[in-house]
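These notes concern the structure reproduced below.
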Amino acid sequence: MTIRTNIRVKPKEGRRARAGAPWLFSNEIEMSNAAKALAPGAIVNVLGDDGRVFGTGYFNAKSLIAVRLLDPAADTAIDTGFFVEKLKRALALRETFFEAPYYRLVNAEGDGLPGLVIDRFAGTCVVQITTAGMETQLTALLAALDKTLKPANVVLRADAPARALEGLEIYVRAAKGEAGRTAVEENAVRYFADLTCGQKTGWYYDQRENRTFVAHLARGKSVLDAYCYTGGFALAAARGGAKEVAGLDSSAPALALAEDAAASNSLACSFVKADVFEELERLWSSKESFDVVLADPPPFVKAKKDLEVGAKAYRKLARLAANVTAKDGLLMLASCSHNIPTERFAAECASGIARAGRRARLIRQAGAGPDHPLHPMLPESAYLKALAFALD
Ligand code: SAH
């Protein structure tokens, strides 16, 4: 048996972890020679200078978040059995909310598995690992997936940019079965996702409840879905009885999946390849408007340093989208940027709508659904914001 290395928290440091947060930053721990010699992602015990046990975690001397805790006890075995227990708990939570097996099965720290996201599409799981600590556990994790869900296909989407910060290789491959296109069922619509080449894991489960909201108010309305990707909001609105739906996106492969899904559900939607800012300007100048307008752009604030530029882009988008929202129409604006706080995003949306000369009532503020649980000590990991406004 190998003896596990102890990582020591510096005296008076680790305040958040003492209160229950699952992270220790590199400046909070003693970087001993033994610690520095550990391979990235090694399993360690974490102890305070006062003998306090922080628990079992994984360690990466090169990462700003040097320790991510996996268990409150020291010497916990991190093996297939550990992952089986975590996956069972994650699955039980999803099964209380969803009848069909389409959801985010694991949401990192929110499910006690830092560095790991798994999206489930019935018998196919897409695994996204972002830390060295989780990557070193891949064999145990895959064995646990087989014991709990027995998926026919497991796709490893090891291409998140965050992997570079942990010194991890970038790759996409099937660990089991096939990687490729799959069906997704949501809001009584059968969509398609490309698990290998699509964005992130191929599908955005985080918007499910916001799509439900839109489906419920779409009856008889004209709907514009800006940044429609594979048709998430557009087809939910069409299923909800919209009289006319248009989707805009710059990605031809995403639009092809949206069109296939529209055809397979016998729903009428028009999908157009366009730059959203340009197309909104064009629609505005040709005096076209829609009863319901949705805009769910890619992250405009990718890093903290981009906050001001990104905030301005959200404001402009709100203005252009309000311009094409019909009188008494509804406008929903979303942000998936970690790096803009909700209050700032809401302020930019309000300002953009006002600059369009419109008055608005904020009728809904939402985020991701219950298959995206958060660790309560890491509220900052909530990235999705969706605001719906009723315009005058
Ligand atoms: N609303 C979607 C997710 C949108 S993700 C859903 O519910 O699934 C953001 C989308 O913006 C991506 O599909 C990307 O291709 C698209 N995109 C990025 N820049 C764009 C631009 N300048 N114009 C149009 N679409 C763009």
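Counting convention: from 1, in listed order, for ligands and their atoms alike. Source: prediction; values computed, not measured.
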To check your reading of the model: name the closest protein heavy atom to [atom], its residue, and the distance in Å.
atom                    : result
atom 3 (C) of ligand 1  : D296 OD2, 3.3 Å
atom 15 (O) of ligand 1 : D249 OD1, 2.6 Å
atom 18 (C) of ligand 1 : P298 CG, 3.4 Å
atom 11 (O) of ligand 1 : Y227 CD2, 3.3 Å
atom 20 (C) of ligand 1 : S250 OG, 3.3 Å
atom 23 (N) of ligand 1 : V276 N, 3.1 Å

Does an N or O anywhere in [X] fall below 3.5 Å from an N or O of ligand 1?
X    : result
T230 : no
D225 : no
Y204 : no

Is the shortest side-chain N to carboxylate O distance from [X] to [Y] below 4.0 Å?
X    : Y    : result
R157 : D119 : no
R163 : E166 : no
D50  : R18  : yes
R16  : E28  : no
R344 : E308 : yes
D111 : R94  : yes

Could you tell me how the ring of W203 sits relative to the ring of Y191: parallel (under 30°), tilted (30 to 60°) or perpendicular (over 60°)?
tilted

Evaluate the ring planes of Y204 and Y229, with Trp represented by its six-membered ring, and classify them as parallel (under 30°), tilted (30 to 60°) or perpendicular (over 60°).
perpendicular

Within ligand 1, which atoms have a heavy atom of [X] less than 4.0 Å away?
X    : result
R211 : 6 (C), 7 (O), 8 (O)
A274 : 23 (N), 24 (C)
Y229 : 2 (C), 3 (C), 4 (C), 8 (O), 13 (O)
D275 : 21 (C), 22 (N), 23 (N)
S251 : 15 (O)

Would you say K10's side chain and N27's backbone share a donor-acceptor pair under 3.5 angstrom?
yes

Mode of A254 contact toward ligand 1 - side chain, backbone, both, neither (heavy atoms, under 4.0 Å):
neither

Residues that, via side-chain heavy atoms closer than 4.5 angstrom, fall in one hydrophobic cluster with V117:
none

Measuring from non-hydrogen atoms of Q199 to any atom of ligand 1, is the shortest distance under 4.0 Å?
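In this structure, Q199 qualifies as a contact of ligand 1 - some heavy atom is under 4.0 Å.
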
